[in-house]
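Reading through the structure tokens given below for one structure.
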Number of protein chains: 2
Amino acid sequence: MAEDAPGFELPLLLFAGFRSIADQLHAELARQGHPDIRPAHGFAMQAIGRDGTTASELGRRLGVSKQAAGKTADRLAALGYAARVDDPADARRKLIRLTPRGYDVLARSAAVFDELRAAWAERLGEDRLRQLEADLKTMAPPSGFRLDVAGWFGA
Amino acid sequence: MAEDAPGFELPLLLFAGFRSIADQLHAELARQGHPDIRPAHGFAMQAIGRDGTTASELGRRLGVSKQAAGKTADRLAALGYAARVDDPADARRKLIRLTPRGYDVLARSAAVFDELRAAWAERLGEDRLRQLEADLKTMAPPSGFRLDVAGWFGA
DNA sequence: ACCTTTTCGACAACCACGTTGACCATTTTA
DNA sequence: TAAAATGGTCAACGTGGTTGTCGAAAAGGT
């Protein structure tokens with residue numbers, strides 16, 4: 001009878017799958033006029049959303065401190081993907097809003113993700129892919145995703 | 001008929017699976033006397049292996065510069081998991097070797113990974129898990145894994 | 001043998017991403 | 001109205017990366 005795979009392979013495969021999709025996404029985004037977008041930026045812009053948010057709230061959504069979230073917002077602003085504007089209703093707050101260029105990345109990302117999923121479906125079959133998604137949902141619901149990846153990995 | 005999952009869910013699920021396993025591993029390692037081990041350390045120690053290696057070679061295995069690999073080795077040394085010794089056969093080289101404490105982490109990690117895989121097998125069934133592994137292997141062979149995760153994500 | 005090229009390790013400067021702690025300004029609340 | 005909670009920023013630091021430079025040692029070619 002066949003041996004079980006060694007346990008260490010499973011996380012490697014999961015990570016390789018994630019990284020494969022992320023790399024293809026960013027290669028395609030680079031081709032479509034967004035060469036300087038990094039995975040961290042995509043997560044942050046997704047968390048900012050169409051309505052914008054504040055640094056404190058962004059930090060809560062991303063699972064990092066408000067200072068870290070503020071720095072990320074500054075970088076996105078420097079790259080032209082976000083802007084920080086005063087909140088007329090609350091002089092403490094500064095809203096982080098996506099620029100048209102930021103919305104463009106979000107829209108293109110959604111499209112590319114759908115294409116990549118379709119590629120998986122074609123290769124594996126829609127049934128197998130659905131089962132894979134369902135199994136992952138069973139084992140690791142991506143509830144309130146924490147995206148402090150860089151810090152999580154190394155610090 | 002059921003709708004397809006949105007494309008952006010797939011990478012999130014893959015990452016959540018990876019992170020779930022990694023978090024459980026490190027929680028267990030902490031319980032077993034290794035509270036300061038980080039994911040990056042585990043990858044580096046795995047790459048150092050039982051025979052030890054040099055900073056340059058470690059950099060190649062990890063897909064990072066020799067300087068970065070050297071820094072990682074220094075940190076592992078500071079934590080007591082590795083030691084750097086002169087190579088008697090080549091005065092340029094300094095071998096990075098795991099300490100007994102380093103080997104201990106590797107052995108415990110392997111055991112915990114097997115336990116975690118067994119937990120997945122119990123929940124999903126061995127067949128489903130094998131299929132999941134096979135499908136991931138199809139879509140993203142973890143060939144020559146690059147583990148510059150922190151830099152890849154953000155820099 | 002000798003000179004050139006390659007390799008290894010280290011130093012320095014820098015960037016990205018995260019952390020705490022402290023601080024001030026502005027709501028909110030009691 | 002005074003006290004507490006909230007939002008943003010500054011500063012200092014840790015960790016994981018990057019280039020570029022450099023000297024010492026090994027390898028290679030003539």
Side-chain angles (χ1 to χ4, degrees), chain A residues 19 26 36-45 47-48 52-79 81-97 146-155, chain B residues 19 22 26 36-45 47-48 52-79 81-97 145-155:
Chain A
R19 175 145 184 176
H26 287 92
D36 40 18
I37 282 287
R38 306 268 63 219
H41 301 146
F43 283 119
M45 287 193 287
I48 292 170
T53 184
T54 65
S56 292
E57 176 57 26
L58 179 60
R60 275 178 229 118
R61 293 181 187 172
L62 255 30
V64 303
S65 67
K66 60 181 181 178
Q67 293 93 326
K71 283 190 196 180
T72 298
D74 287 341
R75 274 172 233 119
L76 285 176
L79 292 171
Y81 293 105
R84 313 192 66 172
V85 301
D86 290 333
D87 183 340
D90 185 336
R92 291 171 307 179
R93 309 176 75 200
K94 286 193 182 172
L95 290 178
I96 303 165
R97 311 206 82 105
R146 287 185 54 95
L147 275 319
D148 54 338
V149 179
W152 163 79
F153 188 72
Chain B
R19 175 146 184 175
H26 287 91
D36 39 18
I37 282 287
R38 308 269 60 223
H41 301 147
F43 282 119
M45 288 193 286
I48 292 170
T53 184
T54 65
S56 292
E57 176 57 26
L58 179 60
R60 274 177 231 119
R61 292 181 187 173
L62 256 30
V64 303
S65 67
K66 60 182 180 177
Q67 293 92 330
K71 282 192 197 178
T72 298
D74 287 342
R75 274 172 227 117
L76 284 176
L79 291 171
Y81 293 106
R84 314 193 66 173
V85 301
D86 290 332
D87 182 340
D90 185 336
R92 292 171 305 177
R93 310 176 73 197
K94 286 194 181 170
L95 289 178
I96 304 164
R97 311 206 82 104
F145 50 74
R146 287 185 52 95
L147 274 323
D148 54 337
V149 180
W152 164 79
F153 189 72

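Proteins come first, then strands; the chains are lettered A, B, ... in the order of their sequence lines, and each starts at number 1. Excluded from the calculations below are hydrogen atoms, water molecules and symmetry mates; all remaining heavy atoms, backbone and side chain alike, are included.
Between B/I96 atom CD1 and C/dA10 atom P the separation is 9 Å, expressed in whole Å. In this structure, CZ of A/R38 is placed 13 Å from C1' of D/dT18, rounded to the nearest angstrom. Atoms CG (B/L76) and P (D/dT15) sit 12 Å apart, rounded to a whole Å. Separating the CZ atom of B/R93 from the P atom of D/dG23 is a distance of 23 Å, rounded to the nearest angstrom. Counting to the nearest Å, the C1' atom of D/dC10 and the NZ atom of A/K94 are 13 Å from each other. Remark: P of D/dC22 and CD of B/Q67 are 14 Å apart, rounded to the nearest angstrom. D/dG14 atom C1' lies 14 Å from atom CG of B/D36, rounded to whole Å. Between the CG atom of B/D86 and the P atom of D/dA26 there is a distance of 12 Å, rounded to whole Å.
Heavy atoms of B/S65 sit under 4.0 angstrom from at least one base atom.
The side chain of B/R84 places no N or O atom within less than 4.0 Å of a non-bridging phosphate oxygen (OP1 or OP2) of C/dC8. Between A/T54 and D/dT6 there is no side-chain N or O to OP1 or OP2 distance below 4.0 Å. Listed pair A/S56 / D/dA5 fails the phosphate criterion, with no side-chain N or O lying under 4.0 Å from OP1 or OP2. Contact annotation: B/K66 side-chain N/O to D/dT18 OP1/OP2 distance is not under 4.0 Å.
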Evaluation steps, side-chain contact (heavy atoms from CB on, under 4.5 Å), between B/V149 and A/W152: CA-CA 10 Å; B/V149 180; A/W152 163 79; 5.7 Å; no

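Nearest-nucleotide positions on DNA chain C place B/E57 closer to the 5' end than the other of A/A68 and B/E57. Nearest-nucleotide mapping onto DNA chain D: of B/P88 and A/A55, the residue sitting toward the 5' end is A/A55.
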Pairs of donor and acceptor atoms involving the side chains of residues 63-77 of chain A, under 3.5 Å and at least two apart or interchain, shall be tabulated with distances.
residue	atom	partner	partner atom	Å
A/S65	OG	A/A68	N	3.1
A/T72	OG1	A/A68	O	3.2
A/D74	OD1	A/R84	NH1	3.0

For nucleotides 27-30 of chain C, list the nitrogen or oxygen atoms of the protein found under 3.5 Å from its nitrogen or oxygen atoms, one pair per line.
residue	atom	partner	partner atom	Å
C/dT27	OP1	A/D90	OD1	3.2
C/dT27	OP1	A/A91	N	3.0

Could you list all N or O pairs between the protein and nucleotides 13-16 of chain C that sit under 3.5 Å apart?
residue	atom	partner	partner atom	Å
C/dA16	O3'	B/G154	O	2.8

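With values rounded to the nearest 0.5 angstrom, B/L95 atom CG is found 11.0 Å from B/I48 atom CD1.
Every side-chain contact (heavy atoms from CB on, under 4.5 Å) that B/R38 has, sequence neighbours left out, goes to B/H41. Qualifying side-chain contact (heavy atoms from CB on, under 4.5 Å) partners for B/D90, counting only residues two or more places apart in sequence or in other chains: B/D87, B/R92, B/R93.
Summarising the geometry of A/I37 relative to A/M45, their closest heavy-atom pair is CD1-CE, 3.5 Å, with the distance given to 0.1 Å. When all heavy atoms of A/L58 and A/A44 are compared, the pair lying nearest together is CD1-O, 4.0 Å. Here the shortest heavy-atom pairing between B/L62 and B/F43 reads CD1-O, 4.1 Å.
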